[in-house]
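Sequence positions, counted from 1, serve as the residue numbers for this chain.
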Amino acid sequence: LRLTFCTGGSRLRLHECPTAEAAEAHAARAGIEWTPPQDAASAAELGELQLVRTARLRLTPCEQAADLAISGLGWVSVGCLPTLQQGALEATLAVWVPRGVEV
């Protein structure tokens with residue numbers, strides 16, 4: 001499963017890492033490369049990432065499977081590109097956010 005984020009703005013920077021390395025990457029980059037939060041001190045105040053939502057999705061080419069609203073980030077739409085050759089695909093989406101961030 002590959003997540004792709006698109007926006008009309010040219011300033012969007014994408015960062016990705018394996019889930020197993022997410023806590024370490026978040027501790028090193030939140031408030032510095034990854035914003036919000038706006039600085040390392042406020043990132044430290046929010047604390048570590050925690051799993052707040054898990055959803056099983058059935059992904060079908062050219063159809064949206066889910067829309068997620070994440071406070072401080074915005075809307076994330078999960079769908080499947082038409083290039084999926086094998087038909088529908090089952091996937092699990094795990095949403096990890098700092099304490100206090102609503103999903």
What is the distance from atom CH2 of W75 to atom CG of D67, rounded to the nearest 0.5 Å? 6.5 Å

Step by step, work out the side chain to side chain contact (heavy atoms under 4.5 Å, CB included) result for L68 and V95. CA-CA 9 Å; L68 298 171; V95 181; 3.7 Å; yes

Taking C-beta and beyond as the side chain, do L57 and T92 meet within less than 4.5 Å on heavy atoms? no

Any donor and acceptor pair, going by atom type alone, linking the side chain of S71 with main-chain N or O of E102 inside 3.5 Å? yes

Is the number of heavy atoms from other residues, nucleotides or ligands within 6.0 Å of CD (E90) greater than 12? yes

Quiz: residues 40-51 side-chain donor-acceptor pairs under 3.5 angstrom, not counting sequence neighbours:
residue	atom	partner	partner atom	Å
S42	OG	D39	N	3.4
S42	OG	D39	O	3.0
S42	OG	D39	OD1	2.9

Within the 4.5 Å heavy-atom criterion, are L93 and T54 side-chain neighbours or not? no

Drop me the distance from W96's CH2 to I70's CD1, to the nearest 0.5 angstrom. 14.0 Å

Single-linkage hydrophobic cluster V97~W34, side-chain heavy atoms < 4.5 angstrom: no

Tell me, do V52 and V101 make a side-chain contact under 4.5 Å, heavy atoms counted? no

